[in-house]
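Have a look at the structure below before the remarks.
Read the numbers this way: they start at 1 and go in the same order the structure lists the ligands and their atoms.
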Amino acid sequence: MMRETPWVAPPGLEGVVVADTAISDVDGAGGRLTYRGQPIGDVVRNFRFEELVPWLVDGVRRPNVQPLVLSLPLEPWPRDPMAALAVILLHLGDTWPDDLDEGCAMICGLPVMFGRVVGTDGDSVWDSTAGVAEQYLTLITGKKPASVQVRALDAYWVMAAEHSLNASTFAVRIAASTGARLPLALAAGVAVLSGPLHGGAPEGVLELLDAVAERSDCPEAILEEKLQRGERLMGFGHRVYRSVDPRAQALREVFLDLVGTEPWADLAVRTEQAALRLLAERHPERVLATNVEFYAAAVFKAVGIPRLLCPPTFALARMAGWTAHWSEQHREGRLIRPLARFRTS
Ligand code: ACO
């Protein structure tokens, strides 16, 4: 009997819909992002990270989420911070609560647990009654942060919490479809996010900003040199957003509130403007706008998050979206099991 040839998805699954979701919607052509039907700008204004996590999971707002922080053994943790985050999740697997509300409280406590593992000497000024963003910054930088820095990190976390079906979220949904428990599914998300094509862009933007800062007279010349060498300007362009990235716009406001008067903030803004100008000249056929990573990197620099901790700081935010997708996929109750086509070379 002839074997039936199944439909073959395009490489990278581009243009293929593999899930229904009520969690978020990315409108690439219109440059809009909504969480549970609300525009991202409104969500950032109305939610702190601790409030966002359970709301993203089921759409019900709880005002007083108490982060759950468990003690972790002192050492040894992997030196790579993303690996350390994954190992923390695996370690917590034994005690992770099955109740989803408590699971959300654990997600809110994770930045504190992670901060205690990778942080500097923040323990001396750490205030365990403060909000999670404040506790995290204290543990990471070793200093009590200014309230404007705390608000900026909180806004970034809310904005980075969810972005529909990207690679890491898909990985978490696949894990959920097998019945994997939440902490192990989240560790799968961290592993996928550790790749430079997914969670690594802020580091590239920071390198760009540092290069520009060294020759602060003229960002345009440095950008031009990069383009001449065929390099891409990190923090510009997006696979899905074809007009604007709404997160970049919202985070730009946060950044300007935070350090708007400092000289390097002015330099970052001039760099953005010069890059947009050069990219428009080179690619009049398409819009290459500022993406969220440009201002994420600028906010990280302004609040004192070191370069190595940019990816895990992003991952800590994305735990919220992953948890919502894990829960949604669990309810779906269908194992994700695609096929592969065999070929000999
Ligand atoms: N700098 C310079 N040129 C660019 C850039 C950029 N940032 N982005 C796209 N282009 C150019 C490409 O060189 C290409 O030119 P060509 O046709 O002359 O070869 C053209 O625009 C189309 O490029 P594609 O790769 O097809 O565009 P796509 O939309 O698929 O790429 C991507 C999106 C990968 C994000 C790209 O814009 C890029 O590499 N940006 C820089 C890296 C970056 O900022 N990544 C973070 C993305 S946001 C996020 O992940 C949350």
Query raised in the report: Out of curiosity, is Arg286 lining ligand 1, as in a heavy atom under 4.0 Å away?
Result: yes
**Report entry** Min heavy-atom dist Leu227 to ligand 1 below 4.0 Å
**Finding:** yes
Query raised in the report: Is it true that the NZ or CZ of Arg61 lies under 6.0 Å from the centre of Phe47's six-membered ring and within 45 degrees of the ring axis?
Result: yes
Query raised in the report: Using the ring of each side chain (for Trp, its six-membered ring), is His91 parallel, tilted or perpendicular to Trp77, with breaks at 30° and 60°?
Result: perpendicular
Query raised in the report: Once the angle between the rings of Phe114 and Tyr136 is folded into 0 to 90°, is it parallel (under 30°), tilted (30 to 60°) or perpendicular (over 60°)?
Result: parallel
Report task. Tell me which one of Arg232, Arg239, Arg247, His163 gets a heavy atom nearest to atom 24 (P) of ligand 1. Result -> Arg232
Please report which non-hydrogen protein atom sits nearest to [atom], along with the residue it belongs to and the distance in Å to one decimal place.
atom	answer
atom 35 (C) of ligand 1	Gly237 O, 3.7 Å
atom 47 (C) of ligand 1	Asn291 ND2, 3.4 Å
atom 6 (C) of ligand 1	Leu233 N, 3.6 Å
atom 20 (C) of ligand 1	His283 CE1, 3.8 Å
atom 50 (O) of ligand 1	Glu293 OE2, 4.0 Å
atom 48 (S) of ligand 1	His238 CD2, 3.5 Å

I'd like to check which ligand 1 atoms, numbered from 1 as shown, lie under 4.0 Å from a non-hydrogen atom of [X].
X	result
Leu279	1 (N), 2 (C), 3 (N)
Gly235	43 (C), 44 (O)
Arg242	29 (O)
Leu288	4 (C), 8 (N), 9 (C), 10 (N), 21 (O)

Query raised in the report: Is any side-chain N of the basic residue among Arg239 and Glu14 closer than 4.0 Å to the acidic one's carboxylate O?
Result: yes
**Report entry** Trp264 and Phe255 aromatic centres sub-6.0 Å
**Finding:** yes
**Report entry** Ring centroid separation Tyr241 to His163 under 6.0 Å
**Finding:** yes
Query raised in the report: Can you hop from Leu184 to Val192 via hydrophobic side chains spaced under 4.5 Å?
Result: no
**Report entry** Option passing side chain to side chain contact (heavy atoms under 4.5 Å, CB included) with Trp322 (candidates Ile107, Leu182, Val190)
**Finding:** Val190
Query - Polar side-chain atom of His238 near backbone of Val240 as donor-acceptor pair, under 3.5 Å - result: yes
Requested in this report: Please confirm whether the backbone N or O of Asp154 pairs with a side-chain atom of Arg48, one donor and one acceptor, at under 3.5 Å?
Outcome: no
**Report entry** Any protein heavy atom < 4.0 Å from atom 15 (O) of ligand 1
**Finding:** yes
Requested in this report: Using distance alone, decide if ligand 1 has a nitrogen or oxygen within less than 3.5 Å of any nitrogen or oxygen in Glu231.
Outcome: no
Query raised in the report: Would one find an N or O of Phe236, backbone or side chain, under 3.5 Å from an N or O of ligand 1?
Result: yes
